[in-house]
There are 2 protein chains.
Amino acid sequence: MPRAGLSPGAVVDAALAVIDERGPEALTLAAVAARTGVATPSLYVHVRNLAELRRLVAQRVLTEMAERLGAAVMGRGRDEAVAALFHAWRAYVLAHPARYAAVPAQPRTDPEVAAAAAGLMEVVLAVLRGYGLTGSDAIHAARRLRATAHGFAALEAAGGFGLPEDLDTSYQQVIDMVVASLRGTAAAT
Amino acid sequence: MPRAGLSPGAVVDAALAVIDERGPEALTLAAVAARTGVATPSLYVHVRNLAELRRLVAQRVLTEMAERLGAAVMGRGRDEAVAALFHAWRAYVLAHPARYAAVPAQPRTDPEVAAAAAGLMEVVLAVLRGYGLTGSDAIHAARRLRATAHGFAALEAAGGFGLPEDLDTSYQQVIDMVVASLRGTAAAT
DNA sequence: CAAGTGATCCTAATGGCGTTAGGTTTTGTC
DNA sequence: GACAAAACCTAACGCCATTAGGATCACTTG
């Protein structure tokens with residue numbers, strides 16, 4: 001019997017695969033064990049328990065998003081950067097809806113997850129700096145941006161938009177709304 | 001041995017109490033049974049299974065929200081109605097964060113849950129009518145509003161706003177942002 | 001008022017999952 | 001080539017959802 005050669009990272013990979021294929025509720029240690037060709041208790045060598053695996057998944061997803069969004073806004077400024085940020089956000093959610101849905105189930109109180117979320121926040125704040133926003137103004141603006149992007153993403157990932165109206169159009173209007181609010185609050189340019 | 005005198009509604013009541021006290025993940029048939037003073041299998045007389053109980057909970061919460069938000073916007077119009085809608089939305093979430101978090105776990109595909117969500121949508125559309133928005137314009141505007149209110153609510157309910165900046169201020173800015181966007185898209189007044 | 005009927009509730013039992021305990025085998029190292 | 005650490009296994013426990021089938025309560029009907 002050869003070894004599976006697992007590692008914490010590989011377990012998280014398998015967990016993401018399970019989530020992508022069968023949804024966040026289907027993430028069980030049994031499912032991950034089956035996928036990695038290992039008995040369930042063997043997973044405890046690599047992760048403390050199911051709760052930690054969920055935590056690691058959330059961390060991975062947030063990190064992945066921060067990377068992609070960071071790359072998307074690179075070399076762009078102001079309105080263009082905001083649009084790029086929003087489009088990259090939605091693109092990630094559409095590519096991995098179940099993965100995105102798996103994150104909010106996590107308590108943000110956890111330090112590791114919080115750190116990953118902070119990485120995403122960093123990208124948002126970087127974009128806002130282009131509007132001359134710093135300090136408290138930037139925080140409030142970042143919350144507007146996050147709430148808006150996350151709200152749309154969460155609803156879309158959950159199939160919350162029933163009607164046939166074009167979602168791209170709705171999203172563009174969301175972006176315009178946020179951009180206008182950033183211009184209004186922004187320091188003089 | 002006297003009877004517990006349960007009913008589907010009473011079971012949902014107990015489920016909500018469990019959720020309020022111990023979070024959405026703590027909603028188990030065993031917990032509800034313990035709270036209602038009944039053996040677990042007895043619950044199957046009133047609800048088909050755990051999935052249906054979750055569905056009923058989501059339905060109840062959405063209906064409850066539609067009622068409160070509907071009451072809040074009554075007698076108000078335009079910007080004032082939007083502000084009232086947003087404040088009532090957030091007030092509900094702050095009063096019952098766990099309850100709010102229990103909803104999105106549900107598949108919106110379910111007809112009964114969808115109907116309850118439609119009730120909420122009705123309130124939003126009624127407010128938008130005050131801006132002369134109808135048809136597709138109203139749908140897009142309603143999505144902006146829902147995404148924004150839900151996004152902020154979801155993040156706040158999950159403790160997603162870590163920083164100490166005042167959340168009331170952030171929320172007021174969110175409301176201003178949405179109001180401005182509604183004015184912009186609105187038909188001539 | 002007594003008998004019957006249907007619904008409510010129970011205990012018993014099954015299977016899946018998370019988790020712990022303790023043994024075995026593989027892998028890398030001296 | 002032996003030894004030590006780690007990866008992996010089987011066995012076992014408890015909790016939960018769910019089903020099956022029996023007992024008991026409450027209401028209706030003759």
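Order of the sequence lines sets the chain letters (A, B, ...), proteins ahead of strands, with each chain counted from 1.
The separation between L29(B) atom CG and dC9(C) atom C1' is 15 Å, rounded to whole Å. N49(B) has its CG atom 9 Å from the C1' atom of dA17(D), to the nearest Å. Distance OH (Y44(B)) to P (dC10(C)): 14 Å, rounded to an integer number of Å. Counting to the nearest Å, the P atom of dC15(D) and the CG atom of L50(B) are 18 Å from each other. A straight line from CG of L27(A) to P of dC17(C) spans 12 Å, rounded to a whole angstrom. The CD atom of E25(A) sits 14 Å away from the P atom of dG18(C) (whole-angstrom rounding). Remark: C1' of dT20(C) and CG of L43(A) are 14 Å apart, rounded to the nearest angstrom. Residue L53(B) contributes atom CG, which lies 15 Å from atom P of dC16(D) at whole-angstrom precision.
When distances run from any side-chain atom of A39(B) to the nucleotides dA17(D), dT11(C), dC9(D), the shortest one goes to dT11(C). Ranking dA17(D), dG18(C), dC9(C) by closeness to the T28(B) side chain, first place goes to dA17(D). Relative to the side chain of P41(B), the nucleotides dT19(C), dT11(C), dC8(D) differ in distance, and dT11(C) lies closest.
Between the side chains of E156(B) and Y171(B), not a single donor N or O lies within less than 3.5 Å of an accepting N or O. Counted by atom type alone, R144(A) and S170(B) present zero donor-acceptor pairs between their side chains at under 3.5 Å.
Contact check, S42(A) against dA7(D): no side-chain N or O comes under 4.0 Å of OP1 or OP2. For the pair H46(B) and dA7(C), the criterion of a side-chain N or O lying under 4.0 Å from OP1 or OP2 is not met.
In this pair, F152(B) and F161(B) present their aromatic rings tilted. The plane angle is within the 30 to 60° band.
At a non-hydrogen distance threshold of 4.0 Å, nothing from residues 8-23 of chain A comes into contact with DNA chain D.
Between H87(B) and I175(B), the closest side-chain pair of non-hydrogen atoms falls below 4.5 Å.
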Working note: R129(B) + T134(B), criterion side-chain hydrogen bond (donor to acceptor under 3.5 Å, both in side chains); need CA distance, chi angles, decisive distance, verdict. CA-CA 6 Å; R129(B) 240 172 271 130; T134(B) 53; over 6 Å; no
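A side chain to side chain contact (heavy atoms under 4.5 Å, CB included) with V32(A) is found for exactly one of L6(A), I19(A), L27(A), namely L27(A).
Legend: residues meeting salt bridge (Lys or Arg N to Asp or Glu O under 4.0 Å) with D176(B), ordered by chain and number and at least two apart, are absent.
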